[in-house]
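Take a look at the structure below.
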Amino acid sequence: MFSNELITQFDRLKTPFYYYDTDFLNKNLNILIHEANRFGYRLHYAVKANANSRILQIISDYGFGADCVSGNEVQKALENGFKPEKIVFAGVGKTDEELQLAIDKKIFCVNCESLQELEIINSLAEICNKKVRVALRINPDIDAQTHAYITTGLQYNKFGLSLQDVDYIIKNKEKYSNLLMDGVHLHIGSQITNLKVFRDLCGVVNNVLHYLSQNNINIQHINLGGGLGIDYSEPENQIPDFQAYFNVFYQHLTVKPWQEIHFEPGRAVIGQAGALITRVLYVKENGSRKTIIVDAGFTDLLRPALYQAKHKIKNISSESGEMLYDIAGPLCETADYFGKGLLLPETKRGDLLVIYSAGAYGEVMASQYNLRQPAGKYFSDDLLKSKKHKISTLKI
Ligand SMILES: *Cc1c(COP(=O)(O)O)cnc(C)c1O
């Protein structure tokens with residue numbers, strides 16, 4: 001990912017900045033699409049993972065749909081080439097205004113998370129005399145075996161409808177006359193690396209589908225959410241195992257030939273295509289430990305502070321020696337660390353560090369705390385192309 005040519009380019013740029021490898025992203029998208037096409041699966045990119053316009057345009061060019069969790073995400077997806085008939089909208093707290101936008105823009109489907117929300121959508125649809133397609137987001141009570149903050153499918157999470165809610169909907173179907181209720185949606189969490197979790201999900205989905213069909217609710221589309229994890233310890237050029245992932249569903253899901261299957265990958269699409277590049281400001285000796293202070297903080301990449309997430313970190317300016325370091329940002333918060341007890345070559349002021357796997361849930365989670373300036377954003381095709389341009393202009 002980081003040739004000498006690229007490191008020379010990096011040296012001239014103001015740090016910290018996000019670097020996106022568009023070649024890798026294209027390769028990843030091609031493989032993902034190829035694997036999904038084998039089974040006729042439909043894909044909606046989870047915009048919340050990375051909503052950078054340029055990234056959205058690359059992804060929408062491949063014909064992906066979008067999975068949005070706010071009205072602004074719906075708007076931004078539309079502005080960046082996603083077709084309304086391929087947009088789905090989830091979230092526990094959609095405002096009336098956001099729901100109205102979804103109705104006006106004629107998006108594919110609203111993934112509905114509570115009985116009250118169903119009623120609100122129904123009444124908004126009634127006012128404008130429309131039928132609105134909804135999917136019931138069902139909480140399957142499955143442990144995603146991931147960090148507690150990114151588990152969404154357990155009974156006491158705030159997400160989705162319980163099975164009791166589903167019973168209520170079945171008994172009161174006529175209340176929802178402006179809804180086309182022909183989908184189910186299940187998303188159980190993120191950064192799931194144990195595929196057995198998805199096998200368990202299939203079991204629950206099979207039961208739910210059977211139950212709904214017995215109760216005369218005809219399901220046309222089944223949306224299985226996102227959640228496929230990436231390898232944060234070995235990030236370079238790593239394509240997630242999309243084949244194994246889709247195979248689990250192909251083998252364990254019992255569906256009718258007319259039922260469409262949808263997925264909403266986010267992290268697995270963009271996670272490994274981005275890195276945060278930061279410069280070393282100071283190296284402090286705290287007793288036996290050395291602490292590297294870098295110019296990026298959790299305002300630029302929140303995952304380590306929020307989820308105790310571990311990202312691989314590499315010094316791309318130095319190769320000699322090896323030492324244990326803690327790596328901290330400049331913010332006035334004790335949680336502002338990117339790693340502790342990491343083995344790095346001998347590091348000095350001015351060195352560049354790469355924090356890998358920062359493409360997903362990186363740039364989108366940035367804040368201005370301490371009145372920080374947003375990190376820059378650079379794309380491989382610009383940086384490497386601009387160098388080629390320079391060579392051709394030299395000829396004149
Ligand atoms: C966050 C989210 C996703 C994407 O999850 P990843 O782990 O990034 O694949 C998909 N669907 C819904 C409803 C989500 O909230």
Side-chain angles (χ1 to χ4, degrees), residues 25 28-29 32 36 41-52 55-56 59 64-70 73-74 77 82 86-94 98 102 107-114 117 134-140 142 144-154 157-161 183-195 197-198 201 205 221-232 239-242 245-246 248-249 261-274 302-303 306-307 309 357-365:
L25 176 59
N28 201 34
L29 289 167
L32 170 56
Y41 292 162
R42 288 156 209 250
L43 300 173
H44 306 264
Y45 166 64
V47 172
K48 77 172 191 284
N50 188 316
N52 183 300
I55 301 280
L56 293 180
I59 296 172
F64 274 73
D67 160 43
C68 302
V69 291
S70 73
E73 281 191 3
V74 171
F82 291 93
K86 286 187 176 181
I87 293 180
V88 296
F89 182 17
V92 283
K94 306 178 193 81
E98 289 176 311
I107 68 165
F108 174 63
C109 177
V110 179
N111 295 335
C112 187
E113 309 224 9
S114 68
E117 186 190 336
V134 297
L136 303 176
R137 176 167 182 183
I138 295 170
N139 186 327
I142 285 180
Q145 298 176 20
T146 180
H147 190 277
Y149 286 5
I150 46 177
T151 294
T152 57
L154 282 170
N157 286 136
K158 65 178 177 177
F159 299 98
L161 296 152
V184 288
H185 175 225
L186 297 97
H187 169 77
I188 52 175
S190 200
Q191 185 50 20
I192 297 169
T193 50
N194 181 355
L195 291 182
V197 170
F198 293 114
L201 173 64
V205 174
H221 57 103
I222 301 154
N223 181 335
L224 297 150
L228 178 63
I230 58 172
D231 188 347
Y232 282 90
I239 309 271
D241 196 347
F242 296 118
Y245 172 68
F246 289 132
V248 169
F249 294 95
I261 301 184
H262 299 241
F263 291 91
E264 304 169 328
R267 187 189 312 268
V269 173
I270 188 67
Q272 304 291 31
L302 185 59
R303 297 190 69 262
L306 182 63
Y307 309 125
S357 315
Y361 308 105
E363 192 187 323
V364 276
M365 284 193 179

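Whatever order the structure lists ligands and atoms in, that order sets their numbers, starting from 1. Throughout, numbering of the chain's residues begins at 1 and tracks the sequence.
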Handout entry: Sub-4.0 Å atoms of ligand 1 with respect to non-hydrogen atoms of R267
Key = 6 (P), 8 (O), 9 (O)
Practice task
Assess whether side chain to side chain contact (heavy atoms under 4.5 Å, CB included) is satisfied between L228 and F242, documenting all intermediate values.
Solution key: CA-CA 8 Å; L228 178 63; F242 296 118; 3.8 Å; yes
Problem - Test log, rule salt bridge (Lys or Arg N to Asp or Glu O under 4.0 Å), inputs K48 and E73 - result: CA-CA 8 Å; K48 77 172 191 284; E73 281 191 3; over 6 Å; no
Problem - Which segment of P265 sits under 4.0 Å of ligand 1 when only heavy atoms are counted - result: backbone
Fill in the blank from the handout: min-distance protein heavy atom vs atom 7 (O) of ligand 1 -> S190 OG, 2.3 Å
Problem - Value rounded to 0.5 Å, distance of CD1 in I107 from CZ in F89 - result: 7.0 Å
Problem - H187 and ligand 1 - part of the residue with a heavy-atom distance under 4.0 Å - result: side chain
Exercise for the section: Quick one: look up the protein heavy atom nearest atom 8 (O) of ligand 1 and list residue, atom name and how far away it is. Expected result: Y361 OH, 2.6 Å
Exercise for the section: Apply side chain to side chain contact (heavy atoms under 4.5 Å, CB included) to the pair V269 and L43, showing each step before the final yes or no. Expected result: CA-CA 11 Å; V269 173; L43 300 173; over 6 Å; no
Handout entry: Criterion side chain to side chain contact (heavy atoms under 4.5 Å, CB included) on I239 and Q272, from CA distance to verdict
Key = CA-CA 8 Å; I239 309 271; Q272 304 291 31; over 6 Å; no
Handout entry: Contacting atoms of ligand 1, where contact means under 4.0 angstrom from a heavy atom of G266
Key = 6 (P), 8 (O), 9 (O)
Problem - Heteroatom proximity flag, D67 to ligand 1, N/O under 3.5 Å - result: yes
Handout entry: G227 heavy atom under 4.0 Å from ligand 1
Key = yes
Practice task
Decide whether an N or O pair under 3.5 Å exists between V69 and ligand 1.
Solution key: no
Exercise for the section: Enter the distance from L186:CG to N223:CG here, rounded to the nearest 0.5 Å. Expected result: 8.5 Å
Exercise for the section: Run the numbers for me: atoms of ligand 1, each under 4.0 Å from some heavy atom of A46, listed by number. Expected result: 3 (C), 4 (C)
Problem - Per-atom contacts, ligand 1 versus H185 - under 4.0 Å to a heavy atom - result: 13 (C)
Exercise for the section: Would you indicate which of E264, Q191, K48 comes nearest to atom 14 (C) of ligand 1 when only heavy atoms are counted? Expected result: K48
Practice task
Answer whether the closest heavy-atom distance between the side chains of Y361 and L302 falls below 4.5 Å.
Solution key: no
Practice task
Output yes when the distance from some N or O of ligand 1 to some N or O of R137 is under 3.5 Å, and no in every other case.
Solution key: no
Exercise for the section: Show your reasoning for whether ring pair (Phe, Tyr, Trp, His ring centres under 6.0 Å) applies to F64 and Y45. Expected result: CA-CA 6 Å; F64 274 73; Y45 166 64; 7.1 Å; no
Handout entry: F249 ring center near Y41 ring center (under 6.0 Å)
Key = no
Exercise for the section: For ligand 1, find out whether one of its N or O atoms is nearer than 3.5 Å to an N or O atom of G225. Expected result: no
